[in-house]
Amino acid sequence: MISPESISLFLAEHYGLVAHAEPLAGEVDSNFLLHGENGSRWVLKIAPRGADTNLLMAQLLALQHCAAKAFPFVPQPVAARNGALLVDFPDPQGPRPARMLTYLPGTPLAHHRPASAWLLRHIGAFLARLDQALADFDHPALHRSGFLWDIRRAALVIHERLAYLPPALQAIVETIAERFTRYVAPWLEALPHQIIHQDANDYNLLVHNGNFTGLVDFGDMLHGPRVAEVAVAAAYALLDETHPLDKAAEVVAGYHTWTPLTAEELALLDDLIRARLAMSAAIAAERRHTQPDNPYLQISARPVHRALHALAEISHTAAQERLLRDCVLPGPRVHPVPHLRYPALLQKRRTLLGRNLSLHYRRPIHMVRAFGQYMYDAEGRAYLDCVNNVPHVGHNHPRVVAALARQATLLNTNTRYLYEPIVELAERLSAKLPDRLRVWFFVNSGSEANDLALRLAWTYTGQKDVLVLEGAYHGNLSSLIAISPYKFDGPGGQGAPPWVHKLPMPCAYRGIYRNEPNPARAYGDHARQVIARVQEQGRGIAAFIAEAMMGTGGQVVFPPGTLQEIYQAVREAGGVCIADEVQIGFGRVGTHFWGFETQGVVPDIVTFGKPMGNGHPLAAVVTTPEIAEAFHTGMEYFNTFGGNPVSCAVGLAVLDVLDEEGLQEHARVVGDHLKSLLWEIAKLHPLIGDVRGSGLFLGVELVRDPDTLEPAAEEAHALVEFARTRGVLLGVDGPFHNVLKIKPPLPFTQADAERLAEVIHAGLTSIEAKSLCRPRHEP
Ligand code: PMP
């Protein structure tokens, strides 16, 4: 036993520290949480007498290596007063090597069951990054042989301890060991090797407020097969979970999106996961006999037994399929994708398609597949997608793809027949909207939805004139170019037709009334003046159409209450209010499911598109029974593809995934984190004029001067090109083409947010170094 007095003396002498030591559990070391002054905390780890100091030193150097790469989420060694990382702790039987580490907040993942899918993805992604950080680290002591927990020794370790296991488990574990010898061991040596942590178990992974906060205990670190890193984490991620393989699959997918594993590595995952669980069961069973007094050694025994029994019921083929369900399988070897050579493809595209179909980037990217928040080009490069909002629940979400395929094999027809999916979708969507919005029309694109919304408004009010916001975009049909200042005021545009009236863009950052004491009221009054002018000409207002946060307009956020004011003015004039949710709907803004809710209004007509079908052409209009009734003039509304059963099945699957994966709340949490990271970066880069938005609908406005707000369009484009070289996809929008738009698929994780922030920081640093931007204040 180590006395509190001996720790106090030790800390005072070697670290100049006064702290209270609280014992922590541990397998090998005696661990203490040190509480210092002002709430500061550290961890003191005292190794057993005779511990291999070379090995301990190697672990400390690995942590320092991570620190040098500014790699967060792992503890850092704290040097003693004499600079040493390892210090002898005095013990009557002989000195014990001790080291001090920084403290990481959080409690073990094991106490956070069931774990959310995205938490596990984040953990997978973190481990991939940890391995990337460790890839160029090495130390002779970490080339360990005969280490108990080395997964390469699984068969031997299990066999030696079989007799300690309950009979029912013996058979299961023995089969695992046999498969390991036959199918795993012969391949393992040939797989990529590096220094790995090898023990991301559910007591070493820390979680706080649902977020991953760190990984501790580097005692099992060794030079070994990289795939063991993810296999060990996946093995413990599935403990005590109702759908264990789905949870393990999240860790695998998280890892694989950051560090694509080879086909050979992926093929061994199921066997490696089972082998690790079997090792854990066997080692714990033996220790129950040899060290009955150390409860920590039994901490995972029961859940591990349960998991082994549950997995024994699942075939290897089925398990592999589940584990890899979210992984883009690597390389043309697995899924050959025939493609045209790049120059030929570019040439054909240029000659065969209209020239006003633009391509992103100076050198356009040839994309061949995508998954989750990642896209992959023909050369196998992965890109973190921070800009495509259409694959809302993630590119190619398996649930959505399966729903599409299932319905396509059953029935695809039009609305002149009765079928369930269309009414089911209407019912499910109605449940997410205010009561008065309950009559549906399904269409194929946001443009079709907005065109129909205009027809509804025109018919209901008997008027023609429409109010729009400056910079707005509502679609590509003739009727919508006419109400989209983004188009009619842009290149090739012919200005507003006489029945279209612009209201100023109510941008909290740049808008004309931004400095008014009550900007919302000022925008409302402005609308009243415009309406009065229309009425003076003997005409009335049919509609006001707006997004509640403007997408194409430059990720614009309005002062609170603005839409309430404008809606009131429009309704007083007899017009209807149309909310365009084509970009911002379906939980993207995080705080609410619909954008209009953020402004506290209830529209008369709402239009939906892009995210609704996750990439499949599905869009809709909802309105009140009164407006729908007025539209029932005798003229049929028929839309060949709108509301077909396949599209509706897709729409239902999107709603299922949103609910089950908690993506709205996820968007809020990750979006808040990203926004705070971006504001941190803004302190370092004068180019950043504004960071705005909500959830995963964010904008970063670049300006050359914070007073004149001179737009930094060139810099914004340079930043987008820079990010591409770092494997990150971004876009630029806004009337001045100077707003970075951030609207990724919602599975985008905290780690992705951190990566994006790092890339923006690096990009701006490089742009500033090339002095593309002028100094903040010119003399
Ligand atoms: N409204 C808004 C707000 C949009 O952003 C868009 C598309 N960018 C549309 C309507 C038109 O949708 P679609 O391209 O599906 O016709």
Side-chain angles (χ1 to χ4, degrees), residues 354 356-358 360 387-392 441-457 466-490 493 500 502-503 505-507 543-558 563 577-586 588-589 594-596 598-599 603 605-622 639 641-643 647 650-651 654 693-699 731-735 737 739 741-745:
N356 42 2
L357 267 71
S358 73
H360 286 314
V387 71
N388 287 293
N389 52 339
V390 175
H392 191 59
F441 298 88
F442 290 100
V443 296
N444 306 295
S445 67
S447 298
E448 276 193 12
N450 281 334
D451 181 74
L452 178 56
L454 287 180
R455 288 182 62 196
L456 287 163
V466 175
L467 300 181
V468 297
L469 296 179
E470 250 167 14
Y473 175 71
H474 295 292
N476 59 45
L477 302 182
S478 312
S479 62
L480 305 171
I481 299 300
I483 61 160
S484 297
Y486 182 78
K487 290 285 178 192
F488 66 61
D489 281 345
V500 174
K502 288 186 286 185
L503 303 182
M505 189 191 273
C507 178
F544 164 62
I545 181 168
E547 297 178 273
M549 280 177 213
M550 294 175 73
T552 323
Q555 312 294 97
V556 173
V557 178
F558 306 160
L563 281 191
C577 298
I578 306 171
D580 180 336
E581 291 281 331
V582 170
Q583 279 221 30
I584 58 178
F586 292 89
R588 170 164 298 278
V589 299
W594 306 115
F596 66 77
T598 64
Q599 282 278 317
I605 303 174
V606 186
T607 57
F608 312 88
K610 295 177 187 281
M612 189 176 179
N614 212 50
H616 181 85
L618 170 62
V621 182
V622 72
N639 188 318
F641 300 123
S647 300
V650 167
V654 170
S694 179
L696 285 173
F697 182 80
L698 300 177
V732 169
D733 227 321
H737 313 287
V739 183
K741 49 181 175 182
I742 302 173
K743 46 190 178 91

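Numbering of ligands and ligand atoms starts at 1, following listing order.
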**OP:** Evaluate the side-chain proximity of Lys741 to Val387: yes if any heavy-atom separation is below 4.5 Å, no if none is.
**Re:** yes

| query | Is the number of heavy atoms from other residues, nucleotides or ligands within 6.0 Å of CZ (Phe641) greater than 12? | reply | no

heavy-atom search around atom 9 (C) of ligand 1 in the protein gives Val582 CG1, 3.8 Å

Quick note on ligand 1: atoms under 4.0 Å from a heavy atom of Ser445 include exactly 15 (O), 16 (O)

_Under 3.5 Å side-chain donor-acceptor pair for Thr607 and Asn450_ = yes

Ligand 1 atoms nearer than 4.0 angstrom to some heavy atom of Gly475 are 11 (C)

Taking atom types as modelled, find out whether His474 and Asp580 have a side-chain donor-acceptor pair closer than 3.5 angstrom. yes

- [ ] For Glu448 and Asn639, test the side chains for any donor-to-acceptor distance below 3.5 angstrom and give the result as yes or no.
- [x] yes

Short version for Asn450: what comes under 4.0 Å of ligand 1, heavy atoms counted, is side chain

If you measure every N or O of Glu448 against every N or O of ligand 1, does any of those distances drop under 3.5 Å? no

Nearest non-hydrogen protein atom to atom 15 (O) of ligand 1, with distance, is Gly446 N, 2.9 Å

shortest atom 16 (O) of ligand 1-to-protein heavy-atom contact is with Ser447 OG, 2.4 Å

Of all protein heavy atoms, the one nearest atom 1 (N) of ligand 1 is Asp580 OD2, 2.7 Å

Original post:
Hey, does Phe596 have a side-chain heavy atom less than 4.5 Å from the side chain of Val606?
Top reply: yes

The answer for which part of Glu547 has a heavy atom under 4.0 Å from ligand 1 is side chain

- Query: Does the side chain of Pro485 reach to within under 4.5 Å of the side chain of Val468, using non-hydrogen atoms?
  - Reply: yes

